[in-house]
Amino acid sequence: MQGDGHECRGFNTRAAHILGSDKTPYGATNAPLYLSSGFSAESADELAERFAGRRPGYIYSRISNPGVSTFEQQFASLEEGRGAIACSSGMAAISAVILTLCRTGDRVVAGSSLFGGTLMLFDFLLQRMGVDVEYIDPSETQNFARAADGAALCFVESIGNPKLDVVDVGALAEICSTAGTPLVVDSTLATPYAAPGRRLGAHLTVHSTTKFAAGTGNSVGGLVVDTGLFDWKKCRDPEVSESAGRFGSELGFLALARRQVTRNTGNGMAPFDAFLQCTGLQTLGLRMERHCANAQALARFLERHELVESVNYPGLQSSPWHDIATKQFGEACGALLTLRLGSSTRALRFIDALDLAINTANLGDVRTMVIHPASTIYRDLSEQSRRSAGVTDDLVRVSVGIEHIDDLIHDFDCALKNGETDDTTT
Ligand SMILES: Cc1ncc(COP(=O)(O)O)c(C=O)c1O
């Protein structure tokens, strides 16, 4: 974490060694797994003090749990943040931020190219709660200057899923800081490996840790990280600023979120999921290196393929977001790419013709995964939302895994050719 004295160590070293055996009971070299709903206290007074927040200590696993805390500290450290709250999913993490910072009558400013689940949360649930959402093209950074003023929060994805547009987080953070509005960045696709949230300039980051953090698709989870760059004493929401006055600006947001949202909604992470995700996180850097290198090589191959209409990947020179992507993330431009194949029929046939790549709604797994967003994740959204998110009927989203690149190229080449053969025979 920020100030843990290990900032000078490399990413992979910190990921692997955060659980120093000096910090764990019995010198265990792995994260603790306490499958206990409640935690006893030595006296009635001690438990009352824990409830009042005057003494540290675990109470009940719906609120927090030692293994879950380990995951929170481990992830916050990689984000170079102040602390984190782990949630039952990425959507739960986004909901936790909204429930902490918004109330009826508030306005949220959001990038228009968001993950479909987030758009549905904003379009249906937030509107029902009486919270207005104003969408803005995140590449038009200056438009946020007018909108951020008076808003409860601004929300963007550092790399948009599936548009793969890259937001200039530093420029946006400057605008939001001037307006006194927290900037919340969903950095699921970038991960702390591409850029720790604090270095990006975000005030809060959210992650679906179901994806690259877990890495092998064995659990669902999410996380909110406070990077320490926003002064919560100045937050427009009176309860957040009051919490910052009570617990200090560094703990103001996290304390309120834990006390009012995690505790009262029960949307925290389960201990077993935290154990799996702690294990995954230790190899995040290694996997991301391979994910990104494979994505770059596959994107280059597909860009030259005669049966592909177009390829979108921030690491390609042809991407409109190439410059900002390389400025923010260096060579780690992520594992997602999309391709357009000219028609919905060709897109579906191509997916069916793949042998190695798996047709599924997940991403960020060591195995390559594909999906046709228009008929799945975006099927319940309006035409306008789909267009803003870059979802066309012929689009295929690819989450590039860590397989041998030659096998991936062979699989994609064969599927393109086989899908084409099918198309011409009907
Ligand atoms: C960018 C982004 N944010 C949030 C989510 C939601 O995460 P989860 O499925 O863990 O709820 C996803 C899921 O794909 C995502 O891609």
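Just follow the structure's listing: the first ligand is 1, and inside any ligand the first atom is 1. As the structure is a computational prediction, the values presented were derived from the model and not from experiment.
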Under a 4.0 angstrom heavy-atom cut-off, which atoms of ligand 1 come close to G221? 10 (O)
Relative to each other, are the rings of F39 and Y58 parallel, tilted or perpendicular (30° and 60° limits)? tilted
Ring-plane angle category for F275 and F272, please: parallel below 30°, perpendicular beyond 60°, tilted otherwise. parallel
Distance from atom 3 (N) of ligand 1 to nearest protein heavy atom, with residue and atom: D186 OD2, 2.6 Å
I'd like to check whether E157 has a polar contact with ligand 1, where a contact means an N/O of the residue lying under 3.5 Å from an N/O of the ligand. no
Tell me whether the count of non-hydrogen atoms from other residues, nucleotides or ligands lying under 6.0 Å of CD in E134 goes above 12. yes
Test item, L189 contacting ligand 1 (heavy atom, 4.0 angstrom): no
Parallel, tilted or perpendicular: which fits the ring planes of F212 and H291, with parallel below 30° and perpendicular above 60°? perpendicular
Considering only non-hydrogen protein atoms, determine which one is nearest to atom 16 (O) of ligand 1 and report residue, atom name and distance to 0.1 Å. N161 ND2, 2.8 Å
Side-chain donor-acceptor pair present, N161, R397, cut-off under 3.5 Å: yes
Report yes if some N/O of S208 lies less than 3.5 Å from some N/O of ligand 1; otherwise report no. yes
Determine whether the side chains of S318 and E303 contain a donor N or O and an acceptor N or O closer than 3.5 Å. yes
Just need the protein heavy atom nearest to atom 10 (O) of ligand 1, so name the residue and atom and give the distance. T210 OG1, 2.6 Å
Is G90 close to ligand 1, meaning an N/O of one under 3.5 Å from an N/O of the other? yes
Among all protein non-hydrogen atoms, which one is nearest to atom 11 (O) of ligand 1, and what is the separation to 0.1 Å? M91 N, 2.9 Å
Looking only at the side chains, is there a donor atom on one of S385 and S388 sitting less than 3.5 Å from an acceptor on the other? no
Heavy atom of G160 under 4.0 Å from ligand 1? no
Electrostatic pair E250:K233 at N-O distance under 4.0 angstrom: no
Starting from atom 9 (O) of ligand 1, locate the nearest protein heavy atom and write down its residue, its atom name and how far away it is, to 0.1 Å. K211 NZ, 3.4 Å
